[in-house]
Every structure is written in structure tokens, then in C-alpha cells.
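The next block holds one structure in the form of C-alpha cells; read it before the comments.
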Protein chains: 2
Amino acid sequence: MYRAPVEEIGHMLTHVAGLKKMLDEGLTGDLSPDLVEAILAEAGRFASEEIAPLARVGDEKGAQLKDGKVITPPGWPELYRKWRQGGWNALAAPEHWGGQGLPMMLAVAALEMWNSGSMAFAIGPTLTMGAIDALEKHASEDLKKAYMEKLVTGEWMGTMNLTEPQAGSDLGALKTRAERAADGTYRIFGQKIFITYGEQDFTDNIVHLVLARLPDAPAGTKGISLFLVPKFLMGDDGSLGPHNDVFCASIEHKLGIHGSPTCTMIYGDGKFGATPGAVGWLVGEENRGLACMFTMMNNARLAVGMQGVAVAEAAYQKALAYARERRQGRVPNTTGSEMSPIVEHPDIKRTLLTMKAMTQAARAIAYSCAHAIDMARLTGGEEVVHWQQRANLLTPLAKAFPTDVGVEVASLGLQVHGGMGYIEETGAAALLRDARIAPIYEGTNGIQAIDLVARKLPQGNGAHVRGFIAELRQDAETVRGANMPELGDTGEYLGAALDDLEEATEHLLRLLDEEQAEAALYGATPYLRLFALAAGATMVARGAVSAKSAAQARLSRYLAENHLAETAALKRTVVEGADSLLAAAGELEEG
Amino acid sequence: MYRAPVEEIGHMLTHVAGLKKMLDEGLTGDLSPDLVEAILAEAGRFASEEIAPLARVGDEKGAQLKDGKVITPPGWPELYRKWRQGGWNALAAPEHWGGQGLPMMLAVAALEMWNSGSMAFAIGPTLTMGAIDALEKHASEDLKKAYMEKLVTGEWMGTMNLTEPQAGSDLGALKTRAERAADGTYRIFGQKIFITYGEQDFTDNIVHLVLARLPDAPAGTKGISLFLVPKFLMGDDGSLGPHNDVFCASIEHKLGIHGSPTCTMIYGDGKFGATPGAVGWLVGEENRGLACMFTMMNNARLAVGMQGVAVAEAAYQKALAYARERRQGRVPNTTGSEMSPIVEHPDIKRTLLTMKAMTQAARAIAYSCAHAIDMARLTGGEEVVHWQQRANLLTPLAKAFPTDVGVEVASLGLQVHGGMGYIEETGAAALLRDARIAPIYEGTNGIQAIDLVARKLPQGNGAHVRGFIAELRQDAETVRGANMPELGDTGEYLGAALDDLEEATEHLLRLLDEEQAEAALYGATPYLRLFALAAGATMVARGAVSAKSAAQARLSRYLAENHLAETAALKRTVVEGADSLLAAAGELEEG
């Protein structure tokens, strides 16, 4: 059973991702290290003791649609009630709406633990937090007054409605229609698919944020507006009024996250109300909806990245426990006739260390992204630009790399279980099934790689990414000079990996400069991996030195000496691979 | 829907794996290229038109256990009947028992296609073929007379009963008991788990091959004997007699291959018969059972490797079809306002080419292993030793690499589908779920890596592996001198990869020579991957040159220039990674 790794998370926040400095400089008000520790411990307790025990039933029973109502798994509505009564929904929400206004770093650490407990459960509240964030930044005061408090307490949940059958990665293709009504509201008509918790039995109202197109809107992404569409309209006294013209037509039968209802939502079909059309309120300006949604999507991307870290951590713990328990064969030089625990076999050791080291690298990147988001909010002047660019740069890395790692580590964890791993009762396979969505939703990892290369590298004509690499080089120097024998040659390995990162970066910047964007994109996915490996390993090593931790140093060395060699291969692919790819790809389009 | 890639398979057999030479030298009797082509076409037709259409229902309904009987998915018993009436069961079986005695290469090619149609279906007959093989080599004439014909026609199916709860990778720990009876038969008592098609509704009898231990047997693997235990005993006239004391107690709820019943088999519980004990006949000698089973297991390992190739091929076809159909976004320089098929996007191109190239590398290794098995049977004198060693060397590569590739490619295929890939109706997720067992059963891929390093490298004090690498170098030279511009720098890349392979090999041989087997095993898994990548890419390139195929040359170049850089990383891990692994692994055993 999952146990929240509170100490390791504390180490990561403090020594890797900059929480210590943030607290020392007083950027977070009266937040003390003790309070941080207490919050982490309590969030971890909720994950281990309340959420994790209900993960299995969630996977087995799944969410069901019956007579137009979604029934979540047994015990889940009660679990949600406990969760919101614990105040967890309000953790990072604005204080003036009843939230605790804690830094994103803490929210993200808690989110990791809840997702380790159950991804399918934790994704629901994550979307509410995203809705709060979008409304806080873009909605009118009237809208906020009507909705924010109940979203912050979790009395109501929020959803994101973007995807349509013909509009997935390409939101510009969306067709959902919004018509202006005489009273300043709008009527929404259309179908949205893949809507997470679009319908549920946790809360008595649901606040949908919906992208739609006005009749006179420009084509493409510049003609999209964002609307708030509640499931139930409110009376003047704030009581729940009539059912809005929106319903869940079906839910998907998915590979994993079975407890999370994935809904097809129909707006304006005339099922409810006197005249067809779901009543909606504009959020932000007309035709500027995508910008509003991007606020929400960036944080959602980090949140999905956390799911990758979370599943990897859960899979590692599960595999380690099994490897300590399960006995097969005998390792050399053992006394007695008993079989050895498989954790003593060389190949299993390698597998478990890879799982652990990659999980840490992923966590380091994700928490560093959260730190940048916090700093952009908490600092002033020039610093804001710097930290906003840092958050921009780290977001695609923090979404794609941890979610890839989540799948890889969950798959390795299944493998450690041998034949038992393939049996559903063991639970190892469920982690892989759950993990597999994370590289897809909130922008596929391919889209993240494109975002990294095409939009994030050119920030400040490449100045920001160059500055970041220079910082990482400084860290590698610190590691090299740390005089910790447990680090072995980590500093040298980091230096070589950062050389690879720099070379690949300069190659791509040159291509972008020469307006060869397409050529640059051929290397986007291997480049993202290279970037994340080099940066993640450097961050983990920095943490080991900062904390003077021998155990962290040994793990950091394992990561450097066993996995950083991959950066040279990735660099070569980025720099040399595009021509052969172009030559071979011709045949793909035929047939 | 899957279409058997008969042409590509023919290319692989002929130009990569040595079928042409085998036919030219008359080693296979009157087997002509035309006949080969006809058999492949017909086996492919059966896979595409008969098996593949029933894959989905197999996944959805799965095998069920009801009142002690296993019910396979709707349509599957009829499918099996068609399959055996087509004579497919007899393809590689000995001619004197009614088989066609065709080379393993052809059997393996057909097996690939059937597994692409449905892994869960094709695994059943595969086990019968294994049983035929073990009985042919080790059983008495009487036993053969009683069972071989019906196994060869497929009227009865065979199973392999090895695993017990405490004895998985470590068969020495098995406890199933065999007692000598007065009439020369034996009575078997015990529980076997994970028995594929241990019970089914395809055939009216089932021939179980069971590993068990005699009362006076030595401990460990040297005290294991092999028994034939039929579900129904036979009367003297060959008619089916009483039910033997064996039954299926439960079937597993698995991640994938739902159509394949995975049974817990109970022997000698007294459920059937007057006195408890399942009646069994000894196969081979007492206490030599493991040697008999290894005959069967080696071929089974190659067969499982084929499952990896098969799922990869099916996943590639599915993803390619989707990518040609699905439109999102617009690639630069397109005219008109329509969205582009995603196959035109750079990152999707890379993904699809990686899927295709890795599938080909895996196929090249697996078919080459089949070729070596054929040559060991068809040649004489010194050559037999050479080819047997080659088959020994290639078997762990042919099991582990293609099954890893199967999982990787199925996962990439799911990713190409975006959100639709996560929905079960699409079928992409089912391929990943099916593929995931193959790296586990028939010896986990970790066990394969250990086998490669500890047992296969030392063959002839390393002479065999060195000879094989020298052959690959010769191929790389041929590629370099081929004067095919489509190959780009493939020859140089291959040369560098083979340098890496040689360096890692010599490093491991040195460790083995210095009796540091454990240190060598720390690098076993990355070494296997390195070996397979270097050898697979070389074989694919050799095939392109031999066939003078521009398309194959372009794919070969993509593989070399985009994936061979990985060999340097793997070599570094093998040569430099063990110390840091040992240092970090201490903590795994605590707690």
C-alpha cells in the first residue's frame, strides 16, 4: 500500500526546487518550514489513509452512466466529502474567496500524493482548481461573486470543455456555437467530448467552462470565446434553479482511470428548458477565450505532469515491496538453503534504481516548474518576466517528461512482479493503465515538444534558455567541487550532458533563426527528452549537495552514470537525424 | 484492420534471414520459392480474414470459467476448427506423424501473422507445437504412437505445466509430486498456475506436459521429471476413457490476452477417479525433465518473440491507417483551408518511422534465430555445432528484444491515436495490453539477459560471439561499399555500433573470465538491448543491399541515423555503470 514519501518530497521542495530560499526571503508571508511540514504530512496522510484504499474499487467498478446520471465508484462521494471538509480544495485558492493562498509548490506536492493515492480520484478536484484559476484571472466580479466561493470550498466542482470530435490538438477547428441573448448572457449549442467529471455525483452543481464560437467570430483560434455554463442555473437568492440545457450523453470505456467519468456533453439540445440553448456567461472578452483557457491549461499541464510523478512513485513503492517479499533463486555467497528475495538479484536492483532515479528526476523538474510559477506571482519588476519565462520554458518539460516516466516506471514495476504483474488483482497493471493517459491529455507529449522548440526556445531570442543552461552548468560545477565521495564522477557526467543540451539547443535555435521551423520540429521529441534528462539529473545532484545527503548522492550518481549517456544519443538524433527521417517518411503518406 | 505484410515478410526471410541460400543449397528438399510464397500468402489470408475479425470479441468477452468448464469467446471454437482443418497445426510438425515438416523459418513467419491477428488465439496452438516438439525428441515410441497424430492434426491440444506459486523463474523450487505406480505409470499431485489453455472448449482432449518431482529425487533442478498427463485417459481402442484426476480450479483476470484462458490446474485432488492421483507417463528419463522441457522452452521463447513482432506490426498498421485518416492542424506550405492528415506532421512521422524500423529490426533477429534452428537440424558435422551455438546465442535476443519492441511500439501506436487511443473501442489499447505479457512469460526478459551473458557469451570461450560480431562487421562493410545513395551514412553508423557491441562484449567476457559473474550481470539488460540494436540494424541494412531496395535502404538509414546512437549510451552503462549501481543499491534491501 502507498505511503506518502513526505520526507523525500520535503527534500525536493527545499533543496532542489527553491522553497527554502523563498521562505527565507519572506516571499510567502508567514509560511514557516514547520507549517510546510505539517501540511505535507497531513496531505500525505489523506492520500495514504483515505484515497489509496479506495483506488482498487474505483478501478474495478469504474464510473457508470445510468438513466442520464453518473454514478461514481462505491465510497467515492463520501471520500470527496471528506476531502473537501479537510479544506484541501482551498489549498492554493485565493484568500479573498476563502482559499489558503499557499504557494503552487505546496499545492503540487500535495497533488502528487493525492494522485499516488488514485489518479482517477485526484483529477476531479484538479479541474476545479483550474477553473478557479481561470475565473480569478479573467471573469467579471459578478461572476466571481456568484461562483468562486462554492468552487473554492469544493461545494461545486469545475470542468474544462475544449475537445470536440474534429477538434483535439487543433482547437481552432471547434464548432460549438454561442449566440448572444438579449440579457447579456449567451446560449451555447454543441457537443464536447472527453470531458473529465463532466457529470458526477460528488456535488449538487457543476460549473462548466466551455469554449465556443460566436456567429461573427473570425475563423480559427482567434474566434474562440470562453463561457461559464452551470449545470443548474441559480435563482436570485443563490439557490439552485432550473436544470440548464446541458447533459451527459455517454461516458467512455477507457484503458484506465476507470473511476473518473469521461463524458460526452451535449449543450443546447433542448433536453432541458423551454427553448433550446444552454445559458452561459462570457469569461473574459469575446474571441479571447483561448488566451483565458491557456492560463488554465498551463497549470493543468503541470498538474498532469504531477500525475506522472505520482504514478511512478506509487509503482516504485509497490515493486520495491514485492521485490523484498518475493523469493526466487539464490544469489551467490548466500548462506542457508532459502531462496533470496528478488531485490537481491542484480537485474532487479538495476530496475528498481532506474525507477527511483527517474521518478526523482521527473519530480525535480515538476517542482521547479511550480517554483517558477510561484516566483512569477510573488516577485516584482524584471524578476517577474524572468520567472514567467522560466515557467513557460519548464511547463512542456514538466508535462511531457514526468508523464513519459510515469508510463516507463509503471511498466518496469509491472515487470518486477513477473507473472503476478499481469494479473489485475495485484494492482501493478492498473498503475500502467492509469499512467498511460497522462502523455496524451492536456496536449499530447508531441505537442509539448513542439511547444518547447517552436515557442519556448525563442523566448528573448534564445536568451532565456541559454541563461537556464548556464545556471545548470553552475550547478554541475558545484557538484564537481562538492567533495562528496558518494557522487563519484557525477559532476563530469553532468558536464557532458549539458554540453549535449547546449549543442542541440544551439542547433535548433539556428534552424529557427533560418526560418526552418519544420526541420527543427523533426527533432522536437528527442530534444525534449534530452533537455529533461540533463536538467533533471543536474537538479537531483544539486539537491544531494545542498542537503549533504549521502543517500541522495548515491542515487544521483546512479542516475548520472547509468542514464545520462542517453543524452549523447539524443543529441545526435536531434542534430543528425532529420535528413534520414525526411527521406524515409515519403512512403508513410502513400497508400 | 490488419493486413498480413506478406511481401515484407518474404523480403525478410529471403534477403535477411538466409532462406534463399537454404533453398538454393537444397537443404529443404523440394521446397520452392513459389511454394514458400503460396504458404505465406495463405497463412496471411487466414490471419487477416479469419483470426483478426475475432480479436475484438476475444478481448471483450474473454475466456470464462463456468461450472468447471472454460468457455472461450464466441466464435473461437469454430475459428480453431477452421484453423486445424486448414492444416496449419501440422506446418512444422514431423512428416512421419502427418506433419508437413516445413522449416522453422516458415512456421515462425506464419506464427507472426496469426499473432498479429490475435495473440490470445495464436498462443494456444503454439503450445501444442511445443508439446509435439518435446514429445518427438524425448518420449517413448509407445507414447508417441498414442498421442502424436492427434496433436499434429490439432484434434487435441497440448499444454506446458511448469509454474507453481513458489516456483516461477526458479523452477528448482517446484513441489508437484510424482509417485511411481505398479504398472509403470505415475500418479501426479500438486498445483500448477498460469497454465495457458490448461482448459478449453476447442478440443475433446488435452495433453498436459507436467514437471514434477519423484519422492527420491535430488533437490533443485536436478530432481525434476517430465510427465504426460492427458485430461481424459484412453481406452485400449484409442477411444476416450475416464476423466483423469486433473481440473481447472480458476482462471486469471489479466491485463490482456483475455481470450486465452490462464488456468490454475489441480492434479491428484481426488476430484476424478476412484483413488486420488492424476495418471501420468514419464517423458524422457527420471530427473531429466528440465532438459526435456528446455527443448520446448527454447522454441517457445522464439515463439513469444514472434508475438512481440506480431503486435508491433499490427500496432504500426493501425497507427498508420489512423494517421492517414485523422486530420488536425495544417502543416506549412499546404494549399487550401483543409486540415492536414496527421501523418504529415513531423513528430508523427518520426513516431511512425520508429515503429516501423524497430519492428523490422525485431523481425530480422527473430527470423535469423529461426534460420539458425533450421540450419542446426538440416546441416551436418561441424556445421551443426556452429548453428546450434548460433541458435543458442540468438534465442535470448529473439525473445527479449522483440517483446520489448512490441510493448514500445504498441505504446507509440496508442499515442498516435491521441485521446482516441485511450478509448477501448479503438483497439489500440488492447494491443498494448496484449503485448505487455510477452516480456514476462517464457522467462522474463531479465532472465533472458542473464542467460545471454552468463551462458551464451561463454560458448567456446567467447569464440562464437566473436565470430558472430565478425560476420556483422562483414555485413557493415558490404553496406558501406554498396553504392546505394539511399543508405546515406548507414555503414559508418553500423560500424560504430558494432564497435560498441565489441567493446561491451569483451568487457563482459573479461569479467566472466575473472569469475566476476555477478558484476557482469549488472549490465545484462542494457547489454542485451545493445546487442539486439546493433545486430538488428545490421541485418536490416544487409537486407536492403541484398534486395537492392531503395525503400528498405531509406528505412535502414533512418534506423541507423536515429536509433543506433543509443548503442554508445548502452555500452557506457555496461562498462561504467556497475559501480554506481552497487553503491546505490544498498538501500533497496533495507526497510
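This one's a predicted model, so the numbers in the text were calculated from it and none came from an experiment. Below, read A as the first sequence line, B as the second, and so on, with proteins coming before strands; counting in each chain starts at 1.
Enclosure of atom CZ in Arg3(B) is not indicated, since only 12 or fewer non-hydrogen atoms of other residues, nucleotides or ligands lie within 6.0 angstrom.
The side-chain heavy atoms of Thr525(A) and Thr351(B), taken from C-beta on, include no pair separated by under 4.5 Å. With a 4.5 Å cut-off on side-chain heavy atoms, Leu588(A) and Leu353(B) count as touching. For the pair Leu414(B) and Ile440(A), the minimum side-chain heavy-atom distance is below 4.5 Å. With a 4.5 Å cut-off on side-chain heavy atoms, Tyr422(B) and Thr262(A) do not count as touching. Taking 4.5 Å as the limit, some side-chain heavy atom of His253(A) sits within range of a side-chain heavy atom of Glu425(B).
Annotation: maximal heavy-atom pairing with chain B below 4.5 Å, among Ala524(A), Ala551(A), Ser411(A), Gly488(A), occurs at Ser411(A). Among the candidates Ala583(A), Ala430(A), Ala553(A), Pro346(A), the residue making the largest number of heavy-atom pairs closer than 4.5 Å to chain B is Pro346(A). Taking chain A as the reference chain and counting heavy-atom pairs below 4.5 Å, the highest number among Pro439(B), Gly586(B), Ala173(B) is found for Pro439(B). Contact tally against chain B (heavy-atom pairs below 4.5 Å) for Arg433(A), Glu566(A), His563(A): the top residue is Arg433(A). Listed options Ile437(A), Leu352(A), Val343(A) were ranked by heavy-atom pairs under 4.5 angstrom with chain B; first place goes to Ile437(A). In terms of heavy-atom pairs under 4.5 Å with chain B, the best-connected choice from Ile423(A), Ile193(A), Ile447(A) is Ile423(A).
If you measure heavy-atom distances from Leu521(A) to chain B, the contacts under 4.5 Å come from both the backbone and the side chain. Contacts between Leu171(B) and chain A at a heavy-atom distance below 4.5 Å are absent for every atom of the residue. For Asp489(A), no part sits under 4.5 Å from any heavy atom of chain B, backbone or side chain. Heavy atoms of Phe194(A) lying under 4.5 Å from chain B belong exclusively to its side chain. Heavy atoms of Ala219(A) lying under 4.5 Å from chain B are absent altogether. Contact annotation for Pro341(A): neither backbone nor side-chain heavy atoms come within less than 4.5 Å of a heavy atom of chain B. Within the 4.5 angstrom heavy-atom criterion, no atom of Ala357(A) approaches chain B.
Between the side chain of Gln328(A) and the backbone N or O of Asp170(B) there is at least one donor-acceptor pair closer than 3.5 Å.
Of the charged side-chain nitrogens involved, none lies within less than 4.0 Å of a carboxylate oxygen, so that Glu561(A) and Arg572(B) do not count as a salt-bridged pair.
With rounding to the nearest 0.5 Å, the separation of CZ in Arg324(B) from CD in Glu589(A) is 9.0 Å. A distance of 10.5 Å separates OG in Ser169(A) from CE in Met339(B), rounded to the nearest 0.5 Å. Atom CD of Glu587(B) is separated from atom NZ of Lys349(A) by 12.5 Å, given to the nearest 0.5 angstrom.
Of the residues Arg350(B), Arg554(B), Arg557(B), the one that meets the side chain to side chain contact (heavy atoms under 4.5 Å, CB included) test with Leu581(A) is Arg350(B).
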Next item on the list: Let me see the working for Arg436(A) and Gln415(B) under side chain to side chain donor-acceptor pair (under 3.5 Å), right down to the final yes or no.
Entry: CA-CA 9 Å; Arg436(A) 193 61 193 79; Gln415(B) 187 74 18; 3.1 Å; yes

Check: How far apart are the C-alpha atoms of Asn562(B) and Thr573(A), what are their side-chain angles, what is the distance that settles it, and do they pass the side chain to side chain donor-acceptor pair (under 3.5 Å) test?
Finding: CA-CA 5 Å; Asn562(B) 280 274; Thr573(A) 301; 4.7 Å; no

